[in-house]
Amino acid sequence: QEQMVESGGGLVQAGGSLRLSCAASGGTFSRFFMGWFRQAPGKEREFVAAINWSGDTTWYADSVKGRFTSSRDNAKNTVYLQMNSLKPEDTAVYYCAATTTFSNFYRDYEYRYWGQGTQVTVSS
């Protein structure tokens, strides 16, 4: 049973940066394809980023491309989301998620394990 804990959220001014971390335990971390999702108040959860097992390939939502970067350290069982040039519209609860198999990693239902979420608030 994989367990994941996010950290690094907080309040930041527009244009600022935050780095989210997601520490996993309970399984072989390198087996998991990792995703990042976010959910703003009154909105559906949406895909933000994904990173493959080795960390050499990443995918991003158009809304964050060029500003967010995901990486992973399999030795530390941790995946990261570096968020730069933050905008008020980035305000949301951010979740990391893990899966071993998928057909469409952009869909949240493809992920089996989820962290508890961390709040990111960007003020204008």
Please give me the minimum heavy-atom distance between Val122 and Thr91, naming the atom from each residue. N-OG1, 2.9 Å

Expected output: side-chain Glu110 to main-chain Phe105 donor-acceptor under 3.5 Å: no

Is Phe29 reachable from Leu81 through a run of I, L, V, M, F, W or Y residues, each pair having side-chain heavy atoms under 4.5 Å apart? yes

Can you give me the closest heavy-atom contact between Ser70 and Ala49, atom names plus distance? CB-CB, 4.4 Å

In terms of hydrophobic clusters joined by side-chain contacts under 4.5 Å, are Tyr80 and Val120 together? no

Is there a side-chain contact between Asp108 and Tyr95 in this structure, where contact means two heavy atoms from C-beta onward sitting under 4.5 Å apart? no

For Asn84 against Ser17, the heavy-atom pair lying closest together: OD1-OG, 2.9 Å

Starting at CD of Glu46, measure out to CD of Gln39 and round the result to the nearest 0.5 Å. 9.5 Å

With clusters defined by side-chain heavy atoms of hydrophobic residues (ILVMFWY) lying less than 4.5 Å apart, directly or transitively, does Trp53 cluster with Tyr111? yes

How about Ser25 and Asn77: do any of their side-chain heavy atoms sit closer than 4.5 Å? no

Is the charged tip of Arg107 near the ring of Phe102: under 6.0 Å from the six-membered ring centre and within 45° of its axis? no

May I ask you to decide if Ile51's main-chain N or O and Thr58's side chain share a donor-acceptor pair within less than 3.5 Å? no

Donor-acceptor pair, side chain of Asn74 and main chain of Ser30, under 3.5 angstrom: no

Between Phe68 and Met34, is there a shared hydrophobic cluster once you connect ILVMFWY residues whose side-chain heavy atoms come closer than 4.5 Å? yes

Would you call Asp90 and Lys87 a salt bridge, using N to O less than 4.0 angstrom? no

May I ask whether Val79 and Trp114 are part of the same hydrophobic cluster, defined by side-chain heavy atoms of I, L, V, M, F, W, Y residues being less than 4.5 angstrom apart, directly or through others? no

Check whether any side-chain N or O of Arg72 sits under 3.5 Å from a backbone N or O of Gly55 as a donor-acceptor pair, and report yes or no. no

Thr100 and Phe32: CA distance, side-chain angles, deciding distance, side chain to side chain contact (heavy atoms under 4.5 Å, CB included) verdict: CA-CA 5 Å; Thr100 55; Phe32 291 97; 3.6 Å; yes

For residues Tyr106 and Trp59, establish whether the separation of their ring centroids is below 6.0 Å. no

Taking all atoms of both residues into account, what is the closest heavy-atom pair of Glu2 and Ala24, and its distance? OE2-CB, 3.0 Å

Would you check if Val64 and Arg38 make a side-chain contact, meaning some heavy-atom pair closer than 4.5 Å? yes

For residues Tyr60 and Thr69, determine if any side-chain heavy atom of one lies less than 4.5 Å from a side-chain heavy atom of the other. yes

Here the pair of heavy atoms bringing Thr78 nearest to Ser21 is CG2-CB, 4.3 Å

Please indicate whether Lys65 has more than 12 foreign heavy atoms, meaning atoms of other residues, nucleotides or ligands, lying under 6.0 Å from its NZ. yes

Looking only at atom types and distance, does a side-chain atom of Gln116 sit under 3.5 Å from a main-chain N or O of Glu6, one as donor and one as acceptor? yes

Close side-chain approach of Gln119 to Leu11, heavy-atom, < 4.5 Å: no

